[in-house]
Amino acid sequence: MMNRRTFLAQAGAATAAVAGLPYVARAFGPGKPPVGKSRVVVIRHDALAEEPLDARRVRELLDEAAKALAGEAKAADAWACWVKPSDRVGVKVNCLGLATRPEVAGALADAWSAADLAPERVILWDRFERELRQAGYTLRASGAGVRCFGTDSLGSRGQGGYADELVTSGDIGSLYSRLVTDESTALVSAAVLKDHNLAGLTCALKNFYGAIHNPNKYHANGCDPFIADVVAHPNIRGRLRLAVCDATRPQCHGGPAARSRWQWPYGGVLLATDPVALDRVAMEILDRRRAAVGLKPLADDGRPVRYLASAQARGLGTADLVQIEVVSIGRPWTDVG
Amino acid sequence: MSIETDATRREFLKALAAGACGACALGLAGGAARGQGDEPRPQTAVHDAMWFERLPDKAVRCTLCPRECVVADVERGYCGVRENRGGDYKTLVYGNLCSMNVDPIEKKPLFHYLPGTGALSVATAGCNMECKFCQNWEISQFRPEQVPSVLVPPENLVRMAQARGLPTVAYTYSEPVVFYEYMHDAAAAGRKAGVGSVIISNGYINAPALQTLCEQLTAVKVDLKAFTEKFYADQCAGRLAPVLETLEVLADIGIHTEVVVLLVPTLNDSAAEIAEMAKWLVRALGPDVPVHFSRFHPTYRMKNLPPTPIETLERARKISMEAGLRYVYLGNIPFHEAESTYCPSCGKTVIHRIGFRVETAGLKDGACASCGAKIPGVWSQEQALAFKPRATPAAPPPTPPAPARSGPSSPPPPGTSP
């Protein structure tokens, strides 16, 4: 058990240690070569393993992680690295099966206020309002505060809430959610760490299957290269500022449906500006947990996480652990027991 | 004879209202039952699916079509309309109709099936392919929640056809294979009521499911999209071999079948490919199978190619007839002479077509009125409904006998491992 003082000292050290390193946010944008290693912050704390989660504590811990990721001393400066007050931020949560917890997504939405972003300019969203409700989210389409609704609530606009323009990235044509094309100038992937029966893993990248109208067409060959195709489209790639992964209670097998048997209290949240690096670290966590409970690695279970290499090839980030700097705050990120 | 081509909005909504009670009686999902009598709206209509196998960890393998998707709990198959709910496989489009029109049967096209009659033509969302030239992509490539639709139970659909004096219900526009359960039940209800059922399909269906379905159908039209695996892979996200198997199964069953080939410039229109295809059709389905070469128009994701030159279509017809096919038509070319049916024996016009205007004076009792040669086809409703499939190997049961829980590949629960 780590006390608060030790934890904060460690968090401060993490921030100080990375402050002098090259900032890699959006270093993988079109035409931009990687600058230094991709940084993934893994923050772990007992408060992230508690039931229920304390949203205030989650917010404090997110601030620590953000500072460590951005190399800033103040949370406000950290969050301001990724959005401007004029942005409209779409926070894409994952509500299919094991869902991004509302306390984590809510704390993340709240955090943008530190960057002087009005709460009304933040939308928590997924495909269907039904799934958001089932995951415990409170819908709010208008009024003061952070908004929360599904693409389907825009059904009267365009094709069921999807943009009229058919676009292609890779080999399949899709319509993107108007919550992306019309409502967001910046995107945050607020994923949840879980096993996937075809892709092996669903995390920051696959989360954006919920941004297109026909994800069912994208599941062949372990979702590869389709996950990379969806995220590589300028609709996503041009807006994606931050990847966050709810690893408070991940699931190492049987996903994407929620299976309590395979979940464990990891008590963590991952942050990165490189979504490929974040997914690579997430895969490592899942595989370590699988080994700990007697399961084969994903690759040996017929579900190698192929899409990471394709995502790297598309310039979306790095899937090479050697090129990833994992900043661990709190309990070591590799400890999955 | 001219045919009215669209059901009125009033009729459509009336069907919706009539379907309300039936839908409740069928136990459709609560979400689907709500709002009946309202405007068409995006919705799902949940019903047990046929044709799947249970796998460990509540996954299922869909055995309806050659994709055989392995679908985890809470996920859907490639078609987007079949969903795993806790290890039970469900269709989300049972009676959930997004399109409904009265079309001439020639529009399907079926040229040797009750010429000059109309067909109540219906579709749901979804497809098990993704053809880059799909003309109906705004329904075929969408999920049921994204397309306005109304609920029409099978019995109501049949009653609608009867009320309009229509001999046929056509399952068409998107891909009927993906709304198999509804089509199967509606076709069965139709048979009892004296209404025939035809399917307009890409033929991407597994043989056992097809055999079971054909017990209820009265005719089939298959889109043979090309005669190369490359075209199917590159342009349709599918495979050729299963479609050819479907055509062979249909021949074995003996159901009236017509074939449509959309000729896409430079991609599937070479003389060699047409010749090879025609020879195969003669061999597999016989020289009497009606074949329609249809003109491509730029659409959906294939807007970079021009419409098919008419000369290309005419050449394909010539090659096919030289290969032995006797009834070869050209489609999407109004007023072309190749719209009509000619007697292979005497060359006289048997059925004269101009667009959807049909004159059948040259056909008498299913034979050429001039020389008496028999013309293959289905020429009366009695003949249509009298169809029974020829005996084929028995199909396996369409639904699993019992749930299977965690299988041998499942690992031990946490706590029992090192």
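From a predicted model like this one, the values you see are computed outputs, not experimental measurements. Below, chains carry the letters A, B, ... as their sequence lines are ordered, and counting in each starts from 1.
- With salt bridges taken as basic N to acidic carboxylate O contacts below 4.0 Å, none links B:Asp57 and A:Arg261.
- The backbone N or O of A:Asp171 sits less than 3.5 Å from a side-chain atom of B:Arg301, completing a donor-acceptor pair.
- For A:Asn216, the parts sitting under 4.5 Å from any heavy atom of chain B are the backbone and the side chain alike.
- Minimum heavy-atom separation, B:Val70 to A:Asn197: O-ND2, 4.0 Å.
- In this structure, CG in A:Asn214 is found 12.5 Å from SG in B:Cys79, a value given to the nearest 0.5 Å.
- Judged purely by atom type and a 3.5 angstrom limit, A:Lys217 uses its side chain to pair as donor or acceptor with the backbone of B:Met129.
- Side-chain contact check for B:Tyr78 versus A:His219: every heavy-atom pair is 4.5 Å or farther apart.
- In this structure the side chain of B:Val74 reaches within 4.5 angstrom of the side chain of A:Pro256, judged on heavy atoms.
- Side-chain contact check for A:Leu166 versus B:Tyr300: some heavy-atom pair is nearer than 4.5 Å.
- Of the two parts of A:Tyr218, neither the backbone nor the side chain holds a non-hydrogen atom closer than 4.5 Å to a non-hydrogen atom of chain B.
- The shortest side-chain heavy-atom distance between A:Asp152 and B:Gln146 does not fall under the 4.5 Å cut-off.
- Using a 4.5 Å cut-off between heavy atoms, B:Cys69 makes no contact with chain A at all.
- Within the 3.5 Å criterion, the main-chain N or O of A:Ile172 finds no donor-acceptor partner in the side chain of B:Glu130.
- With chain B as partner, the option from A:His196, A:Arg130, A:Arg259 having the largest number of non-hydrogen pairs under 4.5 angstrom is A:Arg259.
- Atom CD of A:Glu165 has 12 or fewer heavy atoms from other residues, nucleotides or ligands within 6.0 Å.
- With a 4.5 Å cut-off on non-hydrogen atoms, B:Gln141 touches chain A through its backbone and its side chain both.
- The number of heavy atoms from other shown groups lying within 6.0 Å of CD (B:Gln135) does not exceed 12.
- Between B:Arg143 and A:Arg127, some side-chain heavy-atom pair lies under the 4.5 Å cut-off.
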